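Here the structure is a predicted model, which means the values were calculated and not measured. Just so it is clear, the values below take in all heavy atoms, side chains as well, and ignore hydrogens, waters and symmetry mates. Convention: sequence-line order gives letters A, B, ...; per-chain numbering from 1.
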Amino acid sequence: MRLTRYFLPVLKENPSEAQIVSHRLMLRAGMIRQQAAGIYSWLPMGLRVLRRIEQIVHEEQAKAGHIPVLMPTLQSADLWRESGRYEDYGEEMLRIKDRHKRDLLYGPTNEEMITDIFRGNVNSYKDLPLTLYQIQWKFRDEIRPRFGVMRGREFLMKDGYNFDIDKDAAIHAYNRHMVSYLRTYERMGLTAIPMRAASGPIGGDNTHEFLVLAETGESEVFYDSAILDLKLGDRVVDFDSREECEGIVREWTSPYARTDETHDEGVFNEIPEERRKSSRAIEVGQIFYFGTKYSEPMGAVVVNDQGERVPVHMGSHGIGVSRLLGAIIEASHDDKGIIWPEGVTPFPVGIVNLKQGDIATDGACEALYNTLIAKGLEPLYDDRDDRAGAKFATMDLIGLPWRITVGPRGLAKGLVELTCRRTGESEEMSAEAAVARLVQIYEKH
RNA sequence: CGGGGCGUAGCGCAGUCUGGUAGCGCGACGGUUUUGGGUACCGUAGGUCGUGAGUUCGAAUCUCGCCGCCCCGACCA
């Protein structure tokens, strides 16, 4: 993409509405604009990252054997009356009436709807296990939205629902989700710690939240620092294997890690002191097993291998997709701007032309631009007629992990400069070598 | 919802106390200059001062209502 043909409205100054760093940077980097309290438009740069995150979620869900669907944002109140949550959910649920005065609501979550789909179409244990998920906009009418997309009222969420014949099978689904979530966050460059949590309005006993450590987090967490050393890395996981999933879950849930809601000072104090940590953290996902809480009242039953009608065991699982942008920026930025991890960056690399209008630099940039596209690494090419300083400042702000600087000085020696946003380190090399290096870096992402 | 604050040009702000018809910086646009970290100078455009009513010869400024936004708290992916 050429910057002169793109839509990237960056701000030099901090908008007064934004308090925390991720919110400020998302506004300044031209990613989002607020339309109402807790409701945002996504501009091209923000949308690109949002789509990257969605793509990673989809890919990891597919590996775990989960099936994508898409349910509407508006739901009939009748479904929620069946589960009893229409009354229970409270003011946070946005209620709407259509022209026939029928009660609708903008879905804050979809347990009822997915259960309705299930009960109308699945009758036999032979169709289990089944896990359906979607990535869809939700609305929760927070009393006080804040922190930009981290605590918006409208938010994009991956929500998934597993249907299993019994508790053992459903626990495997729970474990499978934990493993796939760990992989998902890792690919986004995040360290997300699974922590025993409280279940809230979804219900159920078995639940973990995934938390990213950050000073601006809304949760207070306590953990054994040993958990930070755990990595899934390139490990190939057989998601059908109960033993393997259970083993990974055991490994990740053995070190102490809890939110303040479930924190136990006594158990915590048994950890060696140097590993005893507390911090603020951002919740970026949660998984639940809640058994037959919805299937029983809503009649989601299947016939088992004995010919008996039994309610299915269910769980649900969420990833805060739009919130993740904020969480990633909170975890990865400096005083100049955002630093995107390679896995989610809107563009893999930026090209800075230091002398726009110069035949040699323009030509070198064009060639580099086309070569990178041909390699599947679409660059953001700053082809504006502007000062070097202004171009560098924009690149630093929007946070592309790599930058290639092309100027007459280097070109005279046949060299360009490859700069790492995270470390600030630069290296002069031929354009071919820079392309080869980038191809190598992005092979993993 | 309780407490606090704010609403003036795209962004950041001054002007409000003490009424006289709107200004600064950045940005945008045009030029000259400059050219490896937001260059300098000249010029141009852009505002029904959130909104409605009232007071007044006259309201960004005073009064009342309404709307919106931000911060702290309780609540939440």
Side-chain angles (χ1 to χ4, degrees), chain A residues 9-20 23-24 27-28 30 33-39 89-93 107-110 135-160 181 192 197-202 207-212 217-219 259 261 281-288 316-327 336-337 352-358 361 382 384-397 403-412 415-417 419 424 426 428:
Chain A
V10 299
L11 303 173
K12 203 162 174 177
E13 289 173 271
N14 282 322
S16 61
E17 72 202 52
Q19 306 301 315
I20 66 165
H23 190 192
R24 282 202 294 259
L27 289 165
R28 286 193 53 206
R33 287 293 181 267
Q34 178 164 304
Q35 302 297 159
I39 300 177
Y89 218 93
E91 293 288 308
E92 222 178 76
M93 179 149 67
T109 178
N110 287 59
I135 297 178
Q136 176 63 293
W137 292 93
K138 308 288 191 296
F139 195 94
R140 293 184 191 171
D141 199 359
E142 299 279 343
I143 299 167
R144 186 155 89 84
R146 57 186 125 172
F147 305 148
V149 299
M150 297 250 287
R151 179 85 177 276
R153 292 193 293 172
E154 188 183 48
F155 56 98
L156 188 62
M157 180 178 168
K158 174 265 170 182
D159 50 321
Y181 274 28
S199 64
I202 310 279
T207 178
H208 281 84
E209 289 180 341
F210 294 80
L211 291 117
V212 173
E218 294 189 82
S219 312
T259 65
E261 293 166 315
I282 301 163
E283 189 191 336
V284 293
Q286 187 161 10
I287 55 177
F288 303 88
S316 70
H317 333 89
I319 293 178
V321 172
S322 49
R323 168 181 281 193
L324 271 166
L325 276 88
K336 296 198 198 89
V352 170
N353 183 343
L354 290 179
K355 195 168 185 182
Q356 202 70 41
D358 179 89
T361 54
D382 191 343
R384 296 173 303 172
D385 183 13
D386 216 334
R387 301 262 309 180
K391 294 190 175 191
F392 290 145
T394 299
M395 281 293 172
D396 288 344
L397 174 64
R403 185 185 82 207
I404 298 177
T405 310
V406 180
R409 196 185 293 170
L411 231 40
L415 301 174
V416 299
E417 190 181 75
T419 305
S426 288
E428 285 202 307

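Taking atom P in both B:C13 and B:A59, the straight-line distance is 28 Å, to the nearest Å. Going from the C1' atom of B:U39 to that of B:U32 covers 13 Å, rounded to whole Å. Only the P atoms considered, B:U63 is 15 Å distant from B:G5, to the nearest whole Å. Between the P atoms of B:G10 and B:G47, the separation comes to 8 Å (whole Å). Separation of the P atoms belonging to B:U18 and B:A22 is 23 Å when rounded to the nearest angstrom. Atom name C1', nucleotides B:C1 and B:C17: the rounded distance is 32 Å, in whole Å. Remark: the separation of the P atoms in B:G54 and B:G46 is 31 Å, to the nearest Å. For the C1' atoms, the distance linking B:C6 with B:U51 amounts to 16 Å, nearest Å.
At the heavy-atom level, A:E142 lies under 4.0 Å from base atoms of the strands shown. At the heavy-atom level, A:E92 lies under 4.0 Å from the strands shown only through sugar-phosphate atoms. Within the 4.0 angstrom heavy-atom criterion, only backbone atoms of the sugar-phosphate kind lie near A:A36; the bases stay farther away. Among the protein residues, A:G152 comes within range of the nucleic acid bases, having at least one heavy atom under 4.0 Å from a base atom.
Pairing partner, B:U34: none, since no Watson-Crick or wobble contact has both distances short of 3.5 Å. Across all strands shown, B:C11 is found opposite B:G25 as a Watson-Crick or G-U wobble partner, with both distances under 3.5 Å. When Watson-Crick and G-U wobble pairs are counted only if both distances are under 3.5 Å, B:U18 pairs with no nucleotide at all. Nucleotide B:C1 is matched to B:G73 when pairs are restricted to Watson-Crick or G-U wobble geometry with both distances under 3.5 angstrom. A 3.5 Å limit on both hydrogen-bonding distances identifies no Watson-Crick or G-U partner for B:G46. Look at B:C62: its Watson-Crick or wobble partner, with both distances under 3.5 angstrom, is B:G54.
No side-chain heavy atom of A:M150 sits less than 4.5 Å from a side-chain heavy atom of A:S322. Between A:E91 and A:D141, the closest side-chain pair of non-hydrogen atoms is not below 4.5 Å.
At a threshold of 4.0 Å, the pair A:K391-A:D386 does not count as salt-bridged, since none of the basic side-chain nitrogens sits closer than that to a carboxylate oxygen. Salt-bridge annotation for A:E142 and A:R151: present, with a side-chain N of the basic residue lying under 4.0 Å from a carboxylate O of the acidic one.
Note: A:H317 and A:Y181 have perpendicular aromatic rings, judged against thresholds of 30 and 60 degrees for the angle between ring planes.
Residue A:K12 places none of its side-chain N or O atoms closer than 4.0 Å to OP1 or OP2 of B:C26. Considering only side-chain N and O atoms, A:S16 lies under 4.0 angstrom from the phosphate OP1 or OP2 of B:G12. The side chain of A:R144 contributes an N or O atom lying less than 4.0 Å from OP1 or OP2 of B:C72.
To the nearest angstrom, C1' of B:C69 lies 17 Å from CG of A:N14. Counting to the nearest Å, the C1' atom of B:C76 and the NZ atom of A:K138 are 15 Å from each other. Following rounding to the nearest Å, A:I20 (CD1) and B:C71 (C1') show an atom-to-atom distance of 13 Å.
Comparing B:G38, B:C71, B:C76 by their nearest atom to the side chain of A:E218 picks out B:C76.
Residues A:P9 and A:R33 share a closest heavy-atom pair of O-NH2, 2.8 Å. A pairwise comparison of heavy atoms in A:I282 and A:A327 identifies CD1-CA, 3.9 Å as the closest pair.
In the interface, the side chain of A:E13 is not paired with the base of B:G27 through any donor and acceptor atom under 3.5 Å apart.
Both A:R384 and A:R323 lie near RNA chain B, and the one whose nearest nucleotide falls closer to the 5' end is A:R384.
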For this session: For each nucleotide in nucleotides 28-37 of chain B, reading 5' to 3', give B when a protein heavy atom comes within less than 4.0 Å of its base, S when such contact involves only the sugar-phosphate, and - otherwise.
Result: ------BSBB

